[in-house]
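In listed order, ligands and their atoms are each counted from 1. Residue numbers start at 1 and run along the sequence shown.
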Amino acid sequence: MKTIKNKIYTLPKGTYSERATKKFLTYLNGNFEIKYCNSIYDVFENVDNSGFGVVPIENSIEGSVSLTQDLLLQFREVNIVGELAMDIHHNLIGYDKNKIETIVSHPQALAQCREYIKKHGWSVKAVESTSEAVKLVAESSNEKLGAIGSKDSAKQFGLKILEENIEDYKNNKTRFILIGKSALSFKTCPNRYKVSIVFELKEDKPGALYHILKEFAERKINLTRIESRPSKKRLGTYIFYIDFEDPGKNLKETLESLKEQTTFIYVLGRYPVLL
Ligand SMILES: O=C(O)C(=O)Cc1ccccc1
């Protein structure tokens with residue numbers, strides 16, 4: 001009898017997101033088939049329909065992947081169901097370093113290598129993923145183009161690794177999230193959980209954000225990230241994303257205490273942090 005395979009959507013073969021997906025799968029029970037999408041947006045659209053997905057959400061050099069943050073709010077039914085962090089080492093990929101004039105890669109990779117690129121005086125071109133960049137350079141046969149990507153993608157498209165570890169800062173890590181509309185079964189019981197929420201303040205007055213943060217402080221709940229994003233309503237108005245250590249049985253009461261101070265508050269996920 002044919003076993004039913006859950007679909008797990010991510011960026012194309014050779015991307016760091018693919019590598020993160022394979023790492024997530026080592027934690028999960030069940031059979032999964034990796035399905036490749038061209039963009040983070042496509043991953044969300046597919047997961048909103050069915051299955052699971054893996055996308056980057058934050059990097060230690062460049063900060064949040066704002067598209068992922070926005071799509072977590074836009075696709076309200078899609079939740080964060082897991083997270084893991086991964087070391088990211090970028091490689092210069094192409095034909096001849098001395099002939100490069102333009103570097104192609106995902107915006108996050110370009111930003112994580114900004115000084116390296118600037119030092120060489122190269123211009124940049126952003127595409128939807130690092131392996132799309134390597135593919136574009138390979139198919140162009142243009143020695144003036146170089147890509148930033150993984151060693152896997154260089155091998156996949158038959159290009160040379162011209163330089164390794166070109167990221168601007170050591171210990172370059174990216175946090176990836178596992179997203180989906182239903183729960184998953186993990187092989188071992190994770191011992192650390194986090195909660196992510198997004199909300200809009202009801203009133204724009206002194207201390208408004210302080211009173212939100214006070215609710216966490218008084219309950220001794222540790223925040224791990226806070227970030228404002230444009231509300232997209234008008235310039236200078238914001239929504240707020242907060243990640244915090246799961247307070248267990250106090251979560252419901254904590255969220256209740258925030259409700260009357262917000263115009264909306266959504267839980268984006270309550271999920272295990274995997275190593
Ligand atoms: O394009 C990729 O390879 C991705 O997975 C997105 C990304 C780019 C740079 C750092 C981490 C993830």
Side-chain angles (χ1 to χ4, degrees), residues 8-26 32 34-47 52-72 80 82-94 102-118 122 124-139 145-157 159 161-179 225 227 273-274:
I8 188 161
Y9 298 92
T10 194
L11 291 178
K13 275 184 181 299
T15 59
Y16 304 113
S17 293
E18 183 201 30
R19 184 146 56 85
T21 302
K22 291 178 177 174
K23 193 172 172 187
F24 270 116
L25 290 178
T26 65
F32 289 85
I34 300 180
K35 304 292 278 183
Y36 298 102
C37 302
N38 292 326
S39 71
I40 289 172
Y41 199 105
D42 290 353
V43 173
F44 271 88
E45 275 195 320
N46 278 291
V47 174
F52 297 90
V54 174
V55 291
I57 188 167
E58 184 185 24
N59 173 263
S60 53
I61 295 172
E62 182 56 9
S64 281
V65 181
S66 45
L67 175 59
T68 299
Q69 300 289 354
D70 287 349
L71 295 179
L72 282 168
I80 305 173
E83 95 161 29
L84 60 78
M86 225 170 60
D87 289 325
I88 301 287
H89 294 292
H90 293 302
N91 306 280
L92 178 66
I93 296 165
T102 302
I103 293 289
V104 190
S105 198
H106 183 280
Q108 275 276 333
L110 294 172
Q112 295 162 31
C113 306
R114 184 182 297 132
E115 293 308 312
Y116 175 82
I117 295 166
K118 198 84 190 127
W122 295 328
V124 296
K125 173 181 169 50
V127 292
E128 297 280 5
S129 75
T130 55
S131 55
E132 179 187 331
V134 179
K135 181 169 184 273
L136 184 153
V137 173
E139 290 176 350
L145 294 181
I148 293 176
S150 68
K151 290 183 176 174
D152 292 350
S153 61
K155 191 161 171 246
Q156 188 179 329
F157 294 105
L159 289 178
I161 294 171
L162 304 172
E163 192 169 348
E164 298 183 27
N165 306 327
I166 61 170
E167 58 276 6
D168 292 338
Y169 298 89
K170 291 194 298 291
N171 200 24
N172 181 31
K173 284 182 186 292
T174 290
R175 217 158 43 87
F176 293 87
I177 51 172
L178 184 58
I179 56 176
R225 186 175 68 93
E227 177 181 358
V273 178
L274 305 164

Rounded to the nearest 0.5 Å, what separates atom OG in Ser17 from atom CD1 in Ile177?
10.5 Å
For Asn91 and Ile166, which heavy atoms make the closest approach, and how far apart are they?
C-CD1, 4.0 Å
Could you report the tightest heavy-atom contact between Ile179 and Val47, atom names first, then the distance?
O-CG1, 3.9 Å
Glu128 vs Tyr41, test: side chain to side chain donor-acceptor pair (under 3.5 Å). Steps then yes/no.
CA-CA 10 Å; Glu128 297 280 5; Tyr41 199 105; over 6 Å; no
Is a side-chain donor-acceptor pair under 3.5 Å present for Tyr9 with Glu45?
no
No-hydrogen, no-angle side-chain donor-acceptor test under 3.5 Å, Gln108 and Tyr16
no
Ligand 1 polar-atom proximity to protein (N/O, under 3.5 Å):
residue: ligand 1; atom: 1 (O); partner: Thr130; partner atom: N; Å: 2.7
residue: ligand 1; atom: 1 (O); partner: Thr130; partner atom: OG1; Å: 3.4
residue: ligand 1; atom: 3 (O); partner: Tyr16; partner atom: N; Å: 2.9
residue: ligand 1; atom: 3 (O); partner: Thr130; partner atom: OG1; Å: 2.5
residue: ligand 1; atom: 5 (O); partner: Ser17; partner atom: N; Å: 2.8
residue: ligand 1; atom: 5 (O); partner: Ser17; partner atom: OG; Å: 2.6

